[in-house]
Amino acid sequence: DELICLDYEPSSSGTNMSYGQMVEFVELVHATIGRYPAIYGGHLLREAVKDVTESVLSRCTLWYARYASTPIGKPALWPDWALWQYTDGNNGMEPHSVAGVGFCDRDTFNGTEAELRAAWPL
């Protein structure tokens with residue numbers, strides 16, 4: 001029941017993961033646990049797959065980071081997003097905070113609570 005996710009963001013300590021390394025990771029996770037991981041990303045992910053029309057990555061759940069009023073610009077490789085991070089606590093639409101936590105990342109699921117429970121761990 002654990003959500004396995006590739007966090008595809010710019011590296012803070014070296015070169016970014018390549019598209020090929022992303023595919024290799026996804027295939028290794030699938031071969032090891034029998035299901036595909038989710039892929040989390042925003043602008044770097046959009047750039048990495050902008051010209052890709054077919055890939056094993058499309059079998060992964062998309063957790064899309066886009067701090068806007070709607071999840072615009074979703075990579076075409078995925079038919080839709082499952083999770084959308086709409087704020088980092090500063091940028092993006094409200095709400096930006098959680099009572100008792102303060103300003104933080106906020107996400108939403110593309111469906112109902114019952115659908116999320118049935119699909120978990122995505």
Could you check whether the rings of Tyr36 and His30 sit parallel, tilted or perpendicular, using 30° and 60° as the cut-offs? parallel

Using 0.5 Å steps for rounding, measure from the NE2 atom of His96 to the CG atom of Asn91. 7.0 Å

Minimum heavy-atom separation for Leu122 to Phe109, with atom names? CD2-CE1, 4.0 Å

Any donor-acceptor pair under 3.5 Å linking the side chain of Tyr67 with the backbone of Asn90? no

Are Leu3 and Ile39 connected in a single hydrophobic cluster, I mean Ile/Leu/Val/Met/Phe/Trp/Tyr linked by side-chain heavy atoms less than 4.5 Å apart? no

Looking only at heavy atoms, which two atoms of Leu6 and Phe25 are closest? And how far apart? CB-CE2, 3.6 Å

Residue pair Leu83 / Thr61, side-chain heavy-atom distance below 4.5 Å: no

Minimum-distance pair of heavy atoms, taken over all atoms of Ala68 and Met93: O-CG, 4.1 Å

Which value, rounded to the nearest 0.5 Å, describes the distance between His43 atom NE2 and Glu9 atom CD? 8.0 Å

Asp107: which of Tyr86, Trp84, Tyr40, Trp63 passes side-chain hydrogen bond (donor to acceptor under 3.5 Å, both in side chains): Trp63

Shortest non-hydrogen contact from Pro75 toward Tyr64: CD-CE1, 3.7 Å

Tell me whether Val52 shares a hydrophobic cluster with Leu45, the cluster being built from Ile, Leu, Val, Met, Phe, Trp, Tyr side chains joined at under 4.5 Å. yes

Could you walk me through whether Leu57 and Trp78 pass the side chain to side chain contact (heavy atoms under 4.5 Å, CB included) check? CA-CA 8 Å; Leu57 302 182; Trp78 286 272; 4.1 Å; yes

Do other residues, nucleotides or ligands put more than 12 heavy atoms under 6.0 Å from Arg59 CZ? no

Met17 versus Leu44: any side-chain heavy-atom pair under 4.5 Å? no

Please report the shortest heavy-atom distance between Ile4 and Arg35, naming the atom on each side. CG1-NH2, 4.1 Å

Does Val56 belong to the same Ile/Leu/Val/Met/Phe/Trp/Tyr cluster as Val49, with side-chain heavy atoms less than 4.5 Å apart forming each link? yes

Note, Asn110 side chain near Asp80 side chain (heavy atom, < 4.5 Å): yes

Interatomic spacing from SG in Cys60 to CE in Met22 - rounded to 0.5 Å: 9.5 Å

State the OG1-CD distance between Thr15 and Gln21, to the nearest 0.5 angstrom. 7.0 Å

Measuring from Thr108:OG1 to Gln85:CD, what's the distance to the nearest 0.5 Å? 12.0 Å

Taking every heavy atom of Tyr19 against every heavy atom of Ala48, the minimum-distance pair comes out as CD1-O, 4.0 Å

Just wondering, more than 12 heavy atoms not from Glu2 lying within 6.0 Å of its CD? no

Mind checking the CG-CZ spacing from Asp88 to Arg106? Nearest 0.5 Å is all I need. 12.5 Å

State whether the number of non-hydrogen atoms from other residues, nucleotides or ligands found under 6.0 Å of Glu24 atom CD is greater than 12. no

